[in-house]
Amino acid sequence: MSGLVLGSQVGFGQTRVLKGRVVEKESGNPISYCTVALVGTSMGSITDQDGYFEIKDLPNETLNIVVSHIAYENEILVYDSQRLPESLIIKLDPAVVELDQVEISTKGKGSIARKRRREIGDFYNMVLGNGFNAKDIELTNDEIIDLKDLTSKSTTYSTNYDLNFVNRHLGYEIDYYNFAFYMADKAKSFFGYPVFTEMESENVEQLKQWETNREEAYYGSLTHFLRSLIENKVAEENFLASVTNYNPSSFDSKKTDRKTDVIRMEKTDKSGANVHLIYNEQKEFYELSFDGVIEVFYVGPGTEELETTPLSYLKVIGTRAIVYPNGVLKDPLSIMTFGYLANKGVYEMLPSNYLPAKK
């Protein structure tokens, strides 16, 4: 499963403001230089010397807010942007320091260091996704990851870590809060709360390259496909999609009499459709459901150079998935991806408030 952003949604052209103060829980003293940011986006603020912050132009959806400071425990808050309090008081607990935690470097020559190098390599392959260039992305603090979490082979999620990625491929620094993972023999997964900071380019050429790389990461992504569904432009956006009874998660799927059907989509709840996309005017989101599994190819520019076929399968977990008008899922766990999209990772992860320039 690819990297997950829990509850990140962003709209555009809004004027909502989130403001407040961050203080220490017991003493009430202000906490300065504290990060307050919208999960999955590049939108956020740093508290001033008196603990105050302000984030403007909030989107019109549910907001997941991460509040973080190195000396305090992270706080994850959820707010309805239509019912924001006038001013927040956020109280943080001091961080618990584990004195017995031992950091093991991958640079040594001993057996433990060699084992860690091997296991951290598997970790990178899972988290960064297929096709990453190690020269263009760096996890700056991988030494904090416990070797036991890397070698457990259990489906129980690991300890929570605050990881820092520097992605020179797309031009973002990513602080991934409360990052947890497992690497079992037959399944791998991770989730957390990423916050993006746009890096400063060294020159115009680098900035142009970032813009090109970001567009390439966006086109063919799950967000791009969902937006094309909403705008009823699946073919125009270079997707070949159909509904199938094939179940990519079943070991017996190859024995099934496979059937595919063209997408018949209705934006009202009418019979005869196999993909339903119902707009909720009051809450300003779409409810997406479909019969079976969507099989989707992306055949846009650049795909002819890929070593593997960009074939993916999408399956709704439960009865529906809630999608915002910009193609972002309210809950990324509501749609499971298989194939090409499932192998995407942090290397090609974009903020949910990113949109490519119109061509």
Side-chain angles (χ1 to χ4, degrees), residues 3-22 31-48 51-69 74-90 92 162-167 170-179 191-201 207 210-211 214-215 217-218 221-224 226-227 283-285 322-332 346 348-357:
L4 301 179
V5 181
L6 299 186
S8 60
Q9 315 91 25
V10 174
F12 301 92
Q14 306 297 330
T15 58
R16 294 171 177 81
V17 176
L18 180 71
K19 58 184 179 179
R21 195 182 195 197
V22 182
I31 302 175
S32 56
Y33 307 110
C34 181
T35 297
V36 183
L38 273 64
V39 172
T41 78
S42 55
M43 303 172 67
S45 177
I46 303 294
T47 57
D48 63 19
Y52 290 102
F53 69 90
E54 181 176 276
I55 306 175
K56 298 180 180 180
D57 299 323
L58 293 174
N60 187 26
E61 288 93 23
T62 303
L63 308 173
N64 275 15
I65 310 295
V66 60
V67 186
S68 177
H69 189 286
N74 295 340
E75 189 76 22
I76 308 297
L77 307 170
V78 181
Y79 291 100
D80 183 341
S81 65
Q82 299 181 14
R83 298 181 179 84
L84 289 174
E86 291 186 7
S87 184
L88 296 173
I89 297 295
I90 301 172
L92 300 185
D162 289 345
L163 301 182
N164 174 259
F165 295 88
V166 177
N167 189 347
L170 297 180
Y172 294 107
E173 184 172 346
I174 306 171
D175 290 304
Y176 222 131
Y177 298 101
N178 292 16
F179 183 98
F191 70 90
Y193 301 89
V195 171
F196 294 75
T197 302
E198 191 157 358
M199 297 169 60
E200 293 186 8
S201 59
L207 181 59
W210 283 347
E211 291 173 351
R214 291 170 186 176
E215 287 190 359
Y218 172 81
S221 67
L222 179 60
T223 299
H224 180 205
L226 293 176
R227 288 194 71 207
K283 296 187 177 180
E284 300 183 11
F285 59 58
I322 293 176
V323 189
Y324 288 97
N326 64 342
V328 175
L329 289 167
K330 179 180 181 181
D331 177 7
V346 174
E348 294 184 280
M349 184 180 289
L350 291 164
S352 57
N353 57 320
Y354 169 82
L355 275 179

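Side chains of Tyr79 and Pro85 form a contact here, defined as non-hydrogen atoms less than 4.5 Å apart. No side-chain heavy atom of Leu350 sits less than 4.5 Å from a side-chain heavy atom of Thr223. Residues Met349 and Phe196 form a side-chain contact, since some pair of their non-hydrogen atoms from C-beta on lies under 4.5 Å apart. For the pair Asp331 and Ile322, the minimum side-chain heavy-atom distance is 4.5 Å or more. When side chains are defined from C-beta on, Glu215 counts as touching Pro356, because their heavy atoms get closer than 4.5 Å.
In terms of heavy atoms, Val22 sits closest to Cys34 at CG1-SG, 4.0 Å. Closest of all the heavy-atom pairs between Glu198 and Tyr172 is CA-CD2, 3.9 Å.
Remark: Asn164 pairs with Thr140, Asn141, Val166, Glu173, Asp175 by the side chain to side chain contact (heavy atoms under 4.5 Å, CB included) rule, at least two apart or across chains.
The backbone N or O of Leu170 lies less than 3.5 Å from a partner atom in the side chain of Arg214, making a donor-acceptor pair.
Expressed to the nearest 0.5 Å, how far CG of Asp48 lies from CD1 of Ile31 amounts to 12.5 Å. We find the CH2-CG distance between Trp210 and Asn167 to be 9.5 Å, quoted to the nearest 0.5 Å. Atom CG of Leu58 is separated from atom CD1 of Ile65 by 7.0 Å, given to the nearest 0.5 angstrom. In this structure, CG in Asn353 is found 8.5 Å from CG in Leu38, a value given to the nearest 0.5 Å. Distance check: Arg227 CZ to Leu355 CG gives 4.5 Å after rounding to the nearest 0.5 Å. To the nearest 0.5 Å, atoms NE2 (His69) and OG (Ser32) are separated by 6.0 Å.
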* Quick one: do Asn74 and Tyr193 satisfy side-chain contact (heavy atoms from CB on, under 4.5 Å)? Show the steps, please. => CA-CA 11 Å; Asn74 295 340; Tyr193 301 89; over 6 Å; no
